[in-house]
Structures are given as C-alpha cells and as structure tokens.
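Taking it in order: structure first as structure tokens, then the write-up.
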Number of protein chains: 2
Amino acid sequence: MGKKTTQLAYVQAYEYIRDRILSGELERGTKLVEERLAEEMGISRTPVRDSIRKLEQEGLIKQKRVVNPTDMDLRDLFQVRMLLEGFAASHCATYMKDEDLQKLKRCVEIGRTGELEEVMAANKEFHDLIVGATNNPVMIDIIDRMQSIIYLFRKTVVLHKRPLLIEEHDDIYQAILQHQPEEAERLMKAHLQLDLEFCLNWMKG
Amino acid sequence: MGKKTTQLAYVQAYEYIRDRILSGELERGTKLVEERLAEEMGISRTPVRDSIRKLEQEGLIKQKRVVNPTDMDLRDLFQVRMLLEGFAASHCATYMKDEDLQKLKRCVEIGRTGELEEVMAANKEFHDLIVGATNNPVMIDIIDRMQSIIYLFRKTVVLHKRPLLIEEHDDIYQAILQHQPEEAERLMKAHLQLDLEFCLNWMKG
DNA sequence: TTAAAATAAATTGTATACAAAATTGAACAA
DNA sequence: TTGTTCAATTTTGTATACAATTTATTTTAA
C-alpha cells in the first residue's frame, strides 16, 4: 500500500504552484494568471483558482502576485514566531519525550555533518519537532502557515551558512535536555532574533 | 461617498454564511450543501464554493460542516490567545497612545452601564484595541481568524454574565495605564484562563 | 509633449453542464 | 437482528462559456 497520491486537480495545482514559488522559479512579485497556469498544467481554470485562493490565505500569494515581504513583514512574522516557538521550547524542556529528544539530537548532528539538502531538512525538522511537541494543533497550524514564507528565507540562511546556527540549535537542545524551560525559551528567542537580523541584512546587501 | 458595498457574489456569500453560523442559525455540526446555499441566495455554486473554502481556512467550517469545537480545541485556541494577547497587553503598557487609552477606558465603562449588545461590542473592542496596538498585522490577523470561533463563546460568556469579567478588564486597563507590562500580561493571561474555564464549564452543564 | 478620454485587450468573476466521488438506502445472507 | 453488497441518489469536482471588471493601448485635445 503506497502513499495515496491524490489525483484531485486542485490539490495538484496547489502543490505545483506552491513548489514553483518556493523553488524560486516564480519570483517574488510575479503576477499569477489563472489561464496561463491552467494551460501549463493541462487542466481548467476552476481548480487553479481554488489553489490560488488557498495560497492567498496562507500568505504566499497577495493580490494575485507572489508575495514579496518587506523588512517590516519579516519583523512581524518573527515576532509571532518568537512568542510561539519560545513557548514551545520551554514546554519541551518540561514535557518532551525521550524519543523526540533523540530526534532533536540527530537534527543537530546532521546540521554539522550532512549535505546541504540534508542540513536544510534537519534544521526544519528541529523546529518542527519543538513546535509539534506542544501537541497543540492550533499552534502547529499557525507555524505551518508561516513556514512557507519563512522557508524562502531559511533557505537563504543555510545557503549562506549563517555562522553559529548549529551551535544555537545545540544550545537549545541542551537546555531542553536539562529541563531548563526559561533558558530554552530565552535561547530560542535569541536564536530567532539572530535569524531575523541575518535575513534582514542579507535582503539589503 | 458612502461605504462601498461590494456586490461580488462570493463576498456576499461569505458574509451571509458567516453571519448565519455566528448567529447560531446554522448549528454546530450542520452539513453545508453548496447547491442549497446557492439556491437560498439566488446565486450559483461557484461563489458559494469560494466562500466555503475561505471559511474552512478560517476554521469556522471543517469538512463541509459548521465547526463544533471540543474542550481540547478550546484549550488549544486559548493557549495561543494567552501568548499573543498576553504579549499585546504588556506591549500596550509601554507603548499605548493616550487616544487608545481613552477608548480602552470607555470600553470598561460601557461594560458596567451598557445594554447587552453594547456590552458585547465593548468587550470585543477592548481586546481588539489591545491587539491592534501591537501594530503587527500578522498577530492581528491570527487573532482575527480565531475571533470568529471565540465569538461564539464570548457571546456565551456575556449572555451568562460571567462574574468579575468587567473588573478584570478594569484591572488590565489600570496596569496598562500605569505602565506595568509584566502585571498587564499576567492579568490578561489570568483573565483569559478564567474565560476559558467558564466556557468549558458551561459546555458541560 | 503631456494628460485625459476612449477603446481594445487581458483577466477575473459567475453560471451552467456534466463527470467523479461520496453517501444513502434497499435487498439479501448469515 | 446484524452486516454486506449493490444500486440509486446526492453532493462535490471540473470544464467551458460568457459577463463584468480591470489593465493596457491608442487617440485626441490642450
């Protein structure tokens, strides 16, 4: 029994467009024309419209254009991230199960030793594990929605090898491991603050 | 120049369905059938589908049914609320402008003296003012999305005249007025915790 | 040459028809 | 009864056509 791959056109369309945005093929600010995309995929406009609406809700598309976040947008996004992921980190320090702690450790290790793609996946999983451990679908969902936009920048961060990123992950992991909630929260917030600043700096230059 | 009322069918449909859910006409768990709604409003299914998709994203509809939150759903929602609105309250204690402070005060007053509808509106505005003062559209948007679901319960809370609600608002207002960020945050979180418990209790009984 | 108006083109919004899928309900066997 | 299969019905998903709107282009007047 393989992974059930949906053949619903609007899901295909959603994934197709989303991937092209995240891969950078569709640059920020690009106007998305329903008919063009539909033709491109060999389907009708109806499911394309659906998927565009969905991507609009998620914030990847704004007014039919690929989102092009300003400095301020990023700041706002990270402010929310710091609150939620900060809480999540402190929560982990008290409640995280051994199994997940192992996985967290593994992410840090891969961060040091892996190939580019692996490192990116591991860094994403590091954050996902922490947020997921809250077991709060509302929180997980909010972070998920921000994830796409964040991803565009996380890619940047890893591609440009931000210094200390892995060390920061390790510090957070240690604080969680040693059941230090306040410290874990503080470190997570500081980590995200540095990420933000790196992104902002990179955007200018 | 009057308020431009959109005549776009999918916006009308969105507002129509939303209002019927929030007013309670469409009870929790009710299946929403596109064609029935379309007929009811004298439009076609296309814009109705759009609006249902939007309401699904906002969490008011789940799998074509009016959302019917469990205890756990409410807890999860309020956990996020406490984080965000707690932060917002502390932010207000440092940065809120006099004009908004006045409005906040007015909300507390109306809470004591107004009619039912006025009180409900004032209580909503109290929270909106505090969140709005963060000036963070991402945060405002997240709270907005949760608002609809919360609204169903805030209505409950006011209709059943939860004791001390207005006093708590006043306490928060005082803390903000006197520039006590930690206290404002603490009070806001405690306030929401009590709201949550009242809702949960009421759901059972 | 510039700005405004008119027109043409492109794009989105809506209705409708039909196909695919999900749901219901009846008939039947254990 | 209980549960299972199959057909009937309902509901959703998709394509297509056309209307309304927005955007681009050309024309005209100052």
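Note on naming: letters A, B, ... go to the chains in the order of the sequence lines (proteins, then strands), and numbering restarts at 1 for each one. Just so you know, these numbers come straight off a predicted model, no measurement behind them.
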Is any side-chain nitrogen or oxygen of [X] closer than 4.0 Å to OP1 or OP2 of [N]?
| X | N | result |
| --- | --- | --- |
| Ser44(A) | dA15(D) | yes |
| Lys64(A) | dG13(C) | yes |
| Arg45(A) | dT12(C) | no |

Give the rounded distance in Å between these two atoms: [atom1] of [X] and [atom2] of [N].
| X | N | atom1 | atom2 | answer |
| --- | --- | --- | --- | --- |
| Arg65(A) | dT11(C) | CZ | C1' | 12 Å |
| Gln63(B) | dA22(C) | CD | P | 13 Å |
| Ile52(A) | dT11(C) | CD1 | C1' | 11 Å |
| Ile43(A) | dA15(D) | CD1 | P | 6 Å |
| Lys31(A) | dT23(D) | NZ | C1' | 8 Å |
| Glu35(B) | dG13(D) | CD | C1' | 13 Å |
| Asp50(A) | dT12(D) | CG | C1' | 11 Å |
| Glu39(A) | dA15(D) | CD | P | 13 Å |

Salt bridge check: are Arg18(A) and Glu15(A) linked by an N-O gap of less than 4.0 Å?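 Looking at Arg18(A) and Glu15(A), the cut-off is not met.
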Between Asp50(B) and Lys54(B), is there a salt bridge with N-O shorter than 4.0 Å?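 No salt bridge links Lys54(B) with Asp50(B).
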Show me the pairs that pass salt bridge (Lys or Arg N to Asp or Glu O under 4.0 Å) and involve residues 34-45 of chain B, at least two apart or across chains. Arg20(B)-Glu40(B), Glu34(B)-Arg45(B), Glu34(B)-Arg49(B), Glu34(B)-Lys64(B), Arg36(B)-Glu40(B)
For Tyr14(A) and Glu58(A), test the side chains for any donor-to-acceptor distance below 3.5 angstrom and give the result as yes or no.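 Judged by distance alone, the side chains do pair up.
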Assert: residue with more 5' nearest nucleotide on DNA chain D, out of Glu34(B) and Thr46(B), is Glu34(B)
Quick one: label Arg53(B) by what it contacts on the DNA or RNA (base, sugar-phosphate, nothing), any heavy atom closer than 4.0 Å.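 Sugar-phosphate only.
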